[in-house]
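Count residues from 1 along the sequence.
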Amino acid sequence: MTDISMTHITPMAALSIGIAVGLAFLLHWAIYAVALRIVRARMTPLLLPEIFQPTRWLVVLMALAGGLKSIEMGPRVEEFWSIGSKMIFALLVGWLVLRGLRALRSMIEHKADMSVEDNLKARRRHTRVRILYRIAQSIVAVLVIAMMLIAIPGGRAVGVTLMASAGLVGLAVGAAAQPALKNLIAGIQMAFSEPIRLDDVVIVEGEWGRIEDITLTYVVVHIWDDRRMVVPVSYFLEKPFQNWTTKTSDLLGTIFLYVDSTADVERIRAKFIEVTGANARWDKRVAILQVTDHRADALELRGLLSARNAGIAFDLRCEVREAMLSFLRTDMPEALVRTRQRIEADGLFTTPSGAEGRAP
């Protein structure tokens, strides 16, 4: 109570503090408006809108600190103000750094357009930036907490220890959270080794999907039927999986046709090339039909065709397969698989597989 009574706030002092804070708001707004106009003349402003709020409150804090110097405060109040202002300053600086990092991430992602057809470089840049951004977020958060603890006399030792002995703290936490740290380290490694990138087409645990999100500890796979599979980051460094877009999104697809052993393969091949060439989804790279197997009752024909990406390749395979089956059914019914039987003089008949029976 004595400390509070020793704090003398005269009307003039209160007015000067109010004027200082008001001028800080006005000065910040004027500088921001001028800077925004200059930047808009050259590019899309991404950094300035992000740092507007933290810089405004930093300016206000500094103006308030300058105004309070003219006031006689009691030792207790002055101690509270000293600790509180330092903690608020650390918090605002951390907020400013995080906003700046988010703006930097947005600028890099803005330059890397993933909507183009050949977006390999863009996906690589998005993936790396997203992982590094989340690592930076964690580091900034730890540093801000340490700075706030240092501002408290009783917590200064803890704050210094947190900053100076990060390795020991990491070992202590690692004993209790080994899987989380394992995935965290795997996430850092993934940012540079790049086994997967955003929008990569993968097959994980037998499921076909695209990489939708990559965090420090897990990866979200958007499966073709709109399910989401959440996979630990370490999975992609320890277990085999299929990545259909590692180097390029171009892909080869196959269709299989089963026809009679006496079918005219050349005619079927010509029709396959015609149907594939007439389809707008084909990228004009590969269109081949070959006999890949000869069974007792049929020939196996494999059609190989190419497309720009996995989704287009799937649709192309379906459409070509339907067109070929329609052709065989209407124009070459003799090419469809038939079962042959031979009737012997004693009334028995045999099938190509060797089974015997008696004719009715």
**OP:** Output the rest of the hydrophobic cluster of L305: all Ile, Leu, Val, Met, Phe, Trp and Tyr residues reachable through side-chain heavy-atom contacts under 4.5 Å, sorted by chain and number.
**Re:** I255, L257, V259, V265, I268, F272, I273, V275, W282, L289, V291, L299, L301, L316, V320, M324, L325, F327, L328, M332, L336

Subject >> Residue pair P49 / Y32, side-chain heavy-atom distance below 4.5 Å >> reply: yes

**OP:** Using side-chain contact (heavy atoms from CB on, under 4.5 Å) as the criterion, point out the one residue from F241, Y218, F236 that pairs with V231.
**Re:** F236

**OP:** Enter the distance from I288:CD1 to R302:CZ here, rounded to the nearest 0.5 Å.
**Re:** 8.0 Å

Original post:
Nearest heavy-atom pair of R269 and Q290: which atoms, and what distance?
Top reply: NH2-CA, 4.3 Å

Subject >> V140 versus G94, closest heavy-atom pair with distance >> reply: CG1-O, 4.0 Å

Original post:
Same cluster or not: are I196 and W224 linked, directly or through other Ile, Leu, Val, Met, Phe, Trp or Tyr residues, by side-chain heavy atoms under 4.5 angstrom apart?
Top reply: yes

Original post:
Are L96 and W29 connected in the hydrophobic side-chain network, where two residues link if heavy atoms are under 4.5 Å apart?
Top reply: no

Original post:
To the nearest 0.5 Å, how far apart are NZ in K284 and OG1 in T276?
Top reply: 11.5 Å

Subject >> Pair I312-N309, side-chain contact (heavy atoms from CB on, under 4.5 Å): steps then yes or no >> reply: CA-CA 6 Å; I312 296 177; N309 57 54; 3.3 Å; yes

**OP:** Work out which heavy atom in S306 is nearest to a heavy atom in L252; give both atom names and the distance.
**Re:** CB-CD2, 3.5 Å

Original post:
Once you round to the nearest 0.5 Å, how far does CG of L27 lie from CG of L23?
Top reply: 8.0 Å

Original post:
Between D293 and R295, is there a salt bridge with N-O shorter than 4.0 Å?
Top reply: yes

Original post:
What's the shortest heavy-atom distance between S261 and A298, and which atoms?
Top reply: OG-N, 4.0 Å

Original post:
Can you check side-chain contact (heavy atoms from CB on, under 4.5 Å) on I223 and W208, steps first, answer last?
Top reply: CA-CA 6 Å; I223 301 175; W208 185 98; 6.0 Å; no

**OP:** For the residue pair R56 and Q53, confirm or rule out a side-chain donor-acceptor distance under 3.5 Å.
**Re:** yes

**OP:** Before accepting this row, confirm whether a basic side-chain N of the pair D283/R308 lies closer than 4.0 Å to the acidic partner's carboxylate O.
**Re:** no

**OP:** Check whether any side-chain heavy atom of V221 lies under 4.5 Å from a side-chain heavy atom of R228, and answer yes or no.
**Re:** no

Subject >> Side chain proximity check, H28 to T55, heavy atoms < 4.5 angstrom >> reply: yes

Subject >> L47 reachable from V59 in the ILVMFWY side-chain graph, under 4.5 Å edges >> reply: no

Original post:
To the nearest 0.5 Å, how far apart are CG in L304 and CZ in R317?
Top reply: 10.5 Å

Subject >> Within 6.0 Å of CZ in F314, more than 12 heavy atoms from elsewhere >> reply: no

**OP:** Is it possible for you to say whether F52 and I88 belong to one hydrophobic cluster, with membership spreading through side-chain heavy-atom contacts below 4.5 Å?
**Re:** yes

**OP:** Give the minimum heavy-atom separation between L237 and P195, together with the two atoms involved.
**Re:** CD2-CG, 4.0 Å

Original post:
Is there a side-chain contact (heavy atoms from CB on, under 4.5 Å) between E334 and D264 once you walk through the steps?
Top reply: CA-CA 9 Å; E334 72 280 2; D264 186 351; over 6 Å; no

**OP:** Give the cluster check for M62 versus V60: same hydrophobic cluster or not, with ILVMFWY residues linked at side-chain heavy-atom distances below 4.5 Å.
**Re:** no

Original post:
Side chains of V202 and W244: does their closest heavy-atom pair fall under 4.5 Å?
Top reply: no

**OP:** Would you please test D225 and R227 for salt bridge (Lys or Arg N to Asp or Glu O under 4.0 Å) and show each step?
**Re:** CA-CA 6 Å; D225 57 0; R227 289 178 293 143; 2.8 Å; yes

Original post:
So, D213 and R130, do they make that salt bridge, N to O below 4.0 Å?
Top reply: yes

**OP:** Quick one: pull up CG in L64 and CH2 in W57 and give me the separation to the nearest 0.5 Å.
**Re:** 10.5 Å

Subject >> Beyond-backbone contact of D260 with V337, side-chain heavy atoms, under 4.5 angstrom >> reply: no

Original post:
Step by step, would you call M148 with L91 a side-chain contact (heavy atoms from CB on, under 4.5 Å)?
Top reply: CA-CA 7 Å; M148 293 177 69; L91 195 61; 4.0 Å; yes

**OP:** Measure from the side-chain N and O atoms of S106 to the backbone N and O of R102, and report whether any donor-acceptor pair falls under 3.5 Å.
**Re:** yes

Original post:
Can you tell me how far the CG atom of L58 sits from the CZ atom of F89, to the nearest 0.5 Å?
Top reply: 6.5 Å

Subject >> Closest approach of R210 to G311 (non-hydrogen atoms, all atoms of both residues) >> reply: NH2-N, 4.4 Å

